[in-house]
Amino acid sequence: MDYTFTEIERKWQKIWQERRIAKAQDFSEKPKYYVLSMFPYPSGVLHIGHASNYAIGDAITRLKLMEGYNVLQPMGYDSFGMPAENYAITHNSHPRITTEEHIVNMRQQFDGMGFFLDWEREVSTCRPDYYHWGQYIFKKMYEQGLVYRKKSFQNWCETCKTVLANEQVEDDCCWRCGSEVIQKEMDQWYFRITDYAEELLDFSHVIEWPERVMTMQKYWIGKSEGARIDFTLENSSQKIPIFTTRPDTIFGVTFMALPPEHPLVQTWLAQEPDNAELQSFCKKVMNEDKLLRSSAESLKEGVFSGRYAINPLNGAKVQIWITNYVLMDYGTGAVMAVPAHDQRDFDFARKYDIPIQIVIQNLDKSLKLEELTEAYIEPGIICNSAHFDDQDSEAAQGEITRWVQEKGWGEATITYRLRDWGISRQRYWGNPIPMIHCPKCGIVPVPDEDLPVLLPDEVQVGQTTSNPLLSVPDWLNVKCPVCGEDAQRETDTMDTFVDSSWYYARYADAHNQDLPFDPAKAEYWLPVDQYIGGIEHACMHLLYARFIYKFMRDMGWVKGNEPFARLLTQGMVLKDGAKMSKSKGNTVDPQYIVDRFGSDTLRVYLLFASPPEKDVEWNDEALMGAFRFLSRTYRLIKGNLTAIQQGLQVREESEELSPKPVAQDAVPAESAPVAQDAVPAEDLHSSKESAKLSPELKNLRFSTHHCIQRWREDSLIRMQYNTAIAAVMEHLNHCTALKSTEDLNPAELSIYAQACSIIPQLLYPFAPHIAEELWQMMGHPNLLHESGLPIYEEKYLAQDTVTYVIQVNGKIRGKLEVAPDTAAGVLQELALKVENVIRALEGFELKKIIVIPGKMVSIAAKPQN
RNA sequence: GCGAAAGUGGCGGAACUGGCAGACGCGCUGGACUUAGGAUCCAGUAGGUUCACUCCUAUAGGGGUUCAAGUCCCCUCUUUCGCACCA
């Protein structure tokens, strides 16, 4: 009678594999449903976060299968990247070897979890058959003008000879060797994601995304409307364009602020090697940690450049300052400073004694320069601004911009906070950028027929201090495909986010050898109907993937505008209030849990703990609760198997007498509750035997249908698996409450069997192994994914009596058990006769009585004088 | 600092359009049972009050709307997350 989970889970995993039930059919007649969980980095072990993510995906998958969809749930590995390279270095091995070993281990653990995954579509981004097409996409983007090279300042470690990401800089020093990190101007490859900024702000084509993620992306893209206005360098024709969102304050400009990286400043630095103040300030600022420098707390500093700019609107001559608070890569990299109406400019002007000019007055015109303690940033009335005086400042923005445009000094423009995506990495373990540097022809793409550019194996990882690819002459040195002369390959590899921004499309056609994927197959499968992953990717992976999808759409490879129709951001599993991590030593190994209690227990625990998008605190004892629930289920059905089988037999016989429900070919809809395994026919209910039903059995029948109703609502529509499971638990409690099945008549047996037999179906999405086992035990020849969704019938939900709550002035004073069709007037009368109600009304005068049908009688009364 | 979300028993969480607050599970208390098992079964479990019936107080705190508020509105506090000189 023991719940032998290990045996059961192995058995069903074997059967599922042998029958290849998870293989998704391209172009099936059935409607498709594509469920995708973010693929893992192959660390070698599944962690609890994976288990939780994939438990959700698997629940959705199995629900959709029961509903009659052709479901695709694929899996793969995000296997390029620094963690793999670093792992290989520390283990004195090669990332290709360690990665493939890890994949073997992970696959074993995936199999042990029993997920419904179409492994025939597996992808691994570090394999040539995948990264080939990443290179192809790169080239197509290059041809479309979406890829370019740009010099920009990067964190650079002189010892390691590599660019470091911001996270790899600790206290201005290299995380690996500890030497000082400097800002170095370097050529980098960029994707022109900003071309799509406007479109990426538009979420009208997704079906259901969390508001939070959309807000985060919108903020990240940071659209601001304003104007570009060209100031000029004094005694020169050199223009200095600035970007401002406040053209209404332009008459208040008293200085101009430039960052050291500004091209003009760079020129001046070159011209004045002896200007110690200028040289040392610029050097200091440029070598400052990027994060530190851009933090709002750091003090504003600057030096006067000795030069002046001319404000085109009033011809005013203003000082040009070189400062640490202006960013080169936003807007035009130059700021018109209006200290009176911008707090940053105000702070700076006060510190360096720069004049301040008020050009916007508050409504009572009480702003005085001498009394100003902070910038006045609100709208108001224009002053000191020539012919714009006395206008409303907000209205003046448009007026001034129009005037600037007419005069040819600038134009209305839009700027985004979003930067182009720098994809160059000076790392070995990534997708090689398929470009060749030819001394004669410049930068030349590798011809399509030479793709993929294979990542050489012979690299001695960790042996060199620079990009390992530079040290492989056989790979590095090539002939230029255009002129045939000696040339060199690009040694940068791509950011791994490039690999993951199109993998969902590769799953549609994972083995295509001629294209990234067949557009027809992509059209069938895409978009992903339900995507599941962590919120940490809100502004990275999810934004990049949307961008690349739009590019692929423009190429005609995919249809529609968005890759992910619905997004679910699952919460983290915490322990001791913190994210699990090896360094904190607070991890829980899912494999250990599976070995001890089974995959079904782990899944039920994770899904039952909270709604999927919330974080959960790991709790060993609650895990036992899940285990006990499954054990109880197993005992109930195994212990009452004879009665259940007899009851199911009665049902079959009665169905033969009555018209069968119309066979359903995959009617996937949240609307119609229809399925193949229908509830017993009507005549059972209306027969004479039904009249003899004990209240106990009537309640059990109610529980059966009520449970199905709740389960469907919670799991299919609301995706609240915790309450769906709670509904099953409650129903199980009702089933076990019936102590003996010995005296049941055939009709009652049928009801009992029905009550028990829905349990495996309802459990299937959350605990599929035990569900299949119990289903088979009852004698069903099919597997559960073919069993259809359980259905409920309204007529069994009708109760003989309803309970009305009686409130007096909002407080409960009694209850009434009445027939459901009792008239409101009768209810009022009955309510007023309840003893408690009479007592509560003593000394009160009736005001009115409200009857809420099926729910309550609410009496409003006021004290008698 | 700006923005967003959230605050419900000892704990995880229910309560969908305002209509019996605390479903379900964990834990705890008492009991039964014994194949002594990460058992199982039964009863109880927001706080206070009462022998009991009853009653009172409770959804971060304070106001408000309503016959009726965890749910709607206003203010305050706390927590979490995101952004953080974006001109």
Side-chain angles (χ1 to χ4, degrees), chain A residues 1-2 210-213 215-220 222-224 226 242-246 249 257 291 293-300 323-327 329-338 341-345 347-348 415-419 535-536 538-539 596-597 604-605 608-611 614-629 631-632 635 710 713-714 717-718 720 722-733 736 739 803-813 815 835-836 839-840 847-850 852 854-862:
Chain A
M1 193 66 87
D2 274 355
E211 204 58 48
R212 191 153 71 117
V213 176
T215 309
M216 280 167 72
Q217 289 200 1
K218 280 178 188 165
Y219 191 82
W220 188 261
K223 178 178 182 173
S224 44
I242 57 92
F243 171 74
T244 181
T245 54
R246 293 294 303 273
T249 65
L291 293 174
R293 177 169 155 197
S294 62
S295 101
E297 286 103 63
S298 72
L299 289 173
K300 290 168 185 54
T323 70
N324 65 347
Y325 77 94
V326 176
L327 306 172
D329 51 2
Y330 181 76
T332 62
V335 167
M336 65 171 216
V338 186
H341 305 294
D342 182 286
Q343 192 56 41
R344 297 155 301 187
D345 299 341
D347 294 344
F348 192 85
T415 295
Y416 301 91
R417 226 179 65 102
L418 182 71
R419 308 290 147 83
I535 188 133
E536 66 273 16
C539 292
R596 298 229 142 186
F597 304 104
V604 167
Y605 164 70
F608 179 66
S610 75
K614 269 188 84 165
D615 289 351
V616 233
E617 174 74 26
W618 180 266
N619 181 336
D620 284 321
E621 268 143 356
L623 176 81
M624 289 311 299
F627 181 73
R628 285 199 292 263
F629 163 58
S631 306
R632 232 168 38 241
R635 275 202 306 275
R710 287 170 60 193
E713 170 86 16
D714 289 349
I717 297 162
R718 300 176 57 206
Q720 300 239 329
N722 55 333
T723 50
I725 292 168
V728 181
M729 287 174 168
E730 261 178 274
H731 178 62
L732 180 77
N733 291 344
T736 49
K739 282 293 160 240
T803 307
Y804 275 80
V805 171
I806 309 164
Q807 283 190 353
V808 178
N809 287 338
K811 291 198 169 142
I812 295 157
R813 297 299 175 193
K815 290 186 183 178
E835 196 188 329
N836 243 351
R839 204 182 319 149
K847 247 166 67 190
K848 64 174 163 177
I849 305 181
I850 296 151
I852 311 295
K855 286 188 172 149
M856 70 163 54
V857 181
S858 186
I859 300 166
K862 63 176 180 189

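So that the names make sense, note that chain A is the first sequence line, chain B the second, and so on, each numbered from 1. Values reported hereafter were calculated over all heavy atoms of this structure, with side chains retained and with hydrogens, waters and symmetry mates removed.
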Chemist: When all nucleic acid strands are considered with a 4.0 Å heavy-atom cut-off, which category describes Thr415(A): base, sugar-phosphate, or nothing?
Modeler: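 Since no nucleic acid heavy atom lies under 4.0 Å of Thr415(A), the category is nothing.
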
Chemist: Mind checking whether Arg632(A) and Asn733(A) have side chains closer than 4.5 Å, heavy atoms only?
Modeler: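 Arg632(A) reaches Asn733(A) side chain to side chain.
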
Chemist: Testing the 3.5 Å rule here: is there a donor-acceptor pair between the side chains of Asp620(A) and Tyr605(A)?
Modeler: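 Checked: Asp620(A)/Tyr605(A) side chains show no N/O donor-acceptor pair below 3.5 Å.
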
Chemist: At less than 4.0 Å, is any side-chain N or O atom of Lys847(A) found next to OP1 or OP2 of C67(B)? Yes or no.
Modeler: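 Result: no.
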
Chemist: Name the nucleic acid region contacted by Arg212(A), choosing base, sugar-phosphate or nothing; use a 4.0 angstrom heavy-atom cut-off, strictly under.
Modeler: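 Sugar-phosphate: the residue Arg212(A), judged by heavy atoms under 4.0 Å, touches backbone atoms but no base.
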
Chemist: So which protein nitrogen or oxygen atoms get under 3.5 Å of nucleotides 50-52 of chain B's nitrogens or oxygens?
Modeler:
none

Chemist: Name the nucleic acid region contacted by Asp345(A), choosing base, sugar-phosphate or nothing; use a 4.0 angstrom heavy-atom cut-off, strictly under.
Modeler: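 It contacts nothing in the nucleic acid.
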
Chemist: Considering only side-chain heavy atoms of Ala860(A), which listed nucleotide, A87(B), C83(B), C67(B), is closest?
Modeler: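 Nearest to the side-chain atoms of Ala860(A), counting from C-beta on, is C67(B).
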
Chemist: Does Arg417(A) CZ have over 12 foreign heavy atoms under 6.0 Å away?
Modeler: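 Correct, the count exceeds 12.
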
Chemist: Can you see if the side chain of Tyr219(A) gets near the phosphate of C83(B) - specifically, an N or O under 4.0 Å from OP1 or OP2?
Modeler: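 No, because none of the side-chain N or O atoms of Tyr219(A) sits under 4.0 Å from OP1 or OP2 of C83(B).
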
Chemist: Given the C1' atoms of A58(B) and G48(B), what is the spacing between them in whole Å?
Modeler: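 10 Å, rounded to whole Å.
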
Chemist: When all nucleic acid strands are considered with a 4.0 Å heavy-atom cut-off, which category describes Asn836(A): base, sugar-phosphate, or nothing?
Modeler: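 Touches sugar-phosphate only.
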
Chemist: Which is it for G9(B), anti or syn, if anything within 90° of zero counts as syn?
Modeler: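 Nucleotide G9(B) adopts syn.
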
Chemist: So, do Asp342(A) and Arg246(A) sit near enough that their side-chain heavy atoms are less than 4.5 Å apart?
Modeler: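 They are not in contact (no side-chain heavy atoms under 4.5 Å apart), so the answer is no.
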
Chemist: Sticking with atom C1', work out how far G70(B) lies from C20(B), rounded to a whole angstrom.
Modeler: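 About 14 Å, rounded to a whole number of Å.
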
Chemist: Using atom CG of Asp347(A) as one end and atom P of G1(B) as the other, report the distance to the nearest whole Å.
Modeler: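 After rounding, the gap between these two atoms is 15 Å.
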
Chemist: Can you find a heavy atom in the side chain of Arg635(A) that is under 4.5 Å from one in the side chain of Thr736(A)?
Modeler: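 Contact flag for Arg635(A)/Thr736(A) side chains = no.
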
Chemist: Rounded to the nearest 0.5 Å, what's the gap from CZ on Arg596(A) to CG on Leu623(A)? Could you check?
Modeler: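 Answer for the CZ-CG pair, Arg596(A) versus Leu623(A), is 11.5 Å.
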
Chemist: With rounding to the nearest 0.5 angstrom, report the CD1 to NZ distance, Ile850(A) to Lys855(A).
Modeler: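 Reported to 0.5 Å precision, the distance equals 14.5 Å.
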
Chemist: Do Val335(A) and Tyr330(A) have side chains that get closer than 4.5 Å, going by heavy atoms?
Modeler: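 No; the side chains remain at least 4.5 Å from each other.
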
Chemist: Would you classify Arg839(A) as touching base, sugar-phosphate or nothing, given that sugar-phosphate means primed atoms plus P, OP1 and OP2, and contacts are heavy atoms under 4.0 Å?
Modeler: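 Sugar-phosphate, no base atom in range.
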
Chemist: How does protein reach along nucleotides 16-34 of chain B, written 5' to 3' as B (base within reach of a heavy atom under 4.0 Å), S (only sugar-phosphate), or - (no contact)?
Modeler: B--BBS-BBSSS-------

Chemist: Base, sugar-phosphate alone, or nothing: which one does Phe597(A) contact when heavy atoms must sit under 4.0 Å apart?
Modeler: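 Base, at least one base heavy atom under 4.0 Å.
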
Chemist: Given A87(B), C83(B), G82(B), identify the nucleotide with an atom nearest to the side chain of Val326(A).
Modeler: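 In terms of side-chain proximity for Val326(A), the closest of A87(B), C83(B), G82(B) is A87(B).
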
Chemist: Rounded to the Å, how far apart are Asp620(A) CG and G38(B) C1'?
Modeler: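 Going from Asp620(A) (CG) to G38(B) (C1'), I get 11 Å.
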
Chemist: Just by distance, do the side chain of Tyr804(A) and the backbone of Lys815(A) share a donor-acceptor pair under 3.5 Å?
Modeler: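 Answer holds: no.
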
Chemist: Might you point out which heavy atoms bring Thr332(A) and Ile242(A) nearest each other, and give the distance in Å?
Modeler: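 Shortest heavy-atom contact: OG1-CA, 3.2 Å.
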
Chemist: Where does RNA chain B pair, written as one dot-bracket string 5' to 3', with Watson-Crick or G-U pairs under 3.5 Å, ( ) inside the strand, [ ] for crossing pairs and | for another strand?
Modeler: (((((((..(((......[....)))((((((.......))))))(((......)))..(((((..]....))))))))))))....

Chemist: Calculate the interatomic distance between Asp2(A) atom CG and A36(B) atom P; express it in whole Å.
Modeler: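 About 12 Å, once rounded to whole Å.
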
Chemist: Has Arg813(A) got a side-chain N or O lying under 4.0 Å from the OP1 or OP2 atom of A68(B)?
Modeler: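 So the side-chain polar atoms of Arg813(A) never come under 4.0 Å of the phosphate oxygens OP1 or OP2 of A68(B).
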
Chemist: What do you reckon, is NZ of Lys218(A) surrounded by more than 12 foreign heavy atoms closer than 6.0 Å?
Modeler: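 Enclosed: over 12 neighbouring heavy atoms sit under 6.0 Å from NZ of Lys218(A).
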
Chemist: Testing the basics here: between Gln217(A) and Ala538(A), what is the closest heavy-atom pair and its distance to 0.1 Å?
Modeler: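 Reported closest heavy-atom pair: NE2-O, 2.8 Å.
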
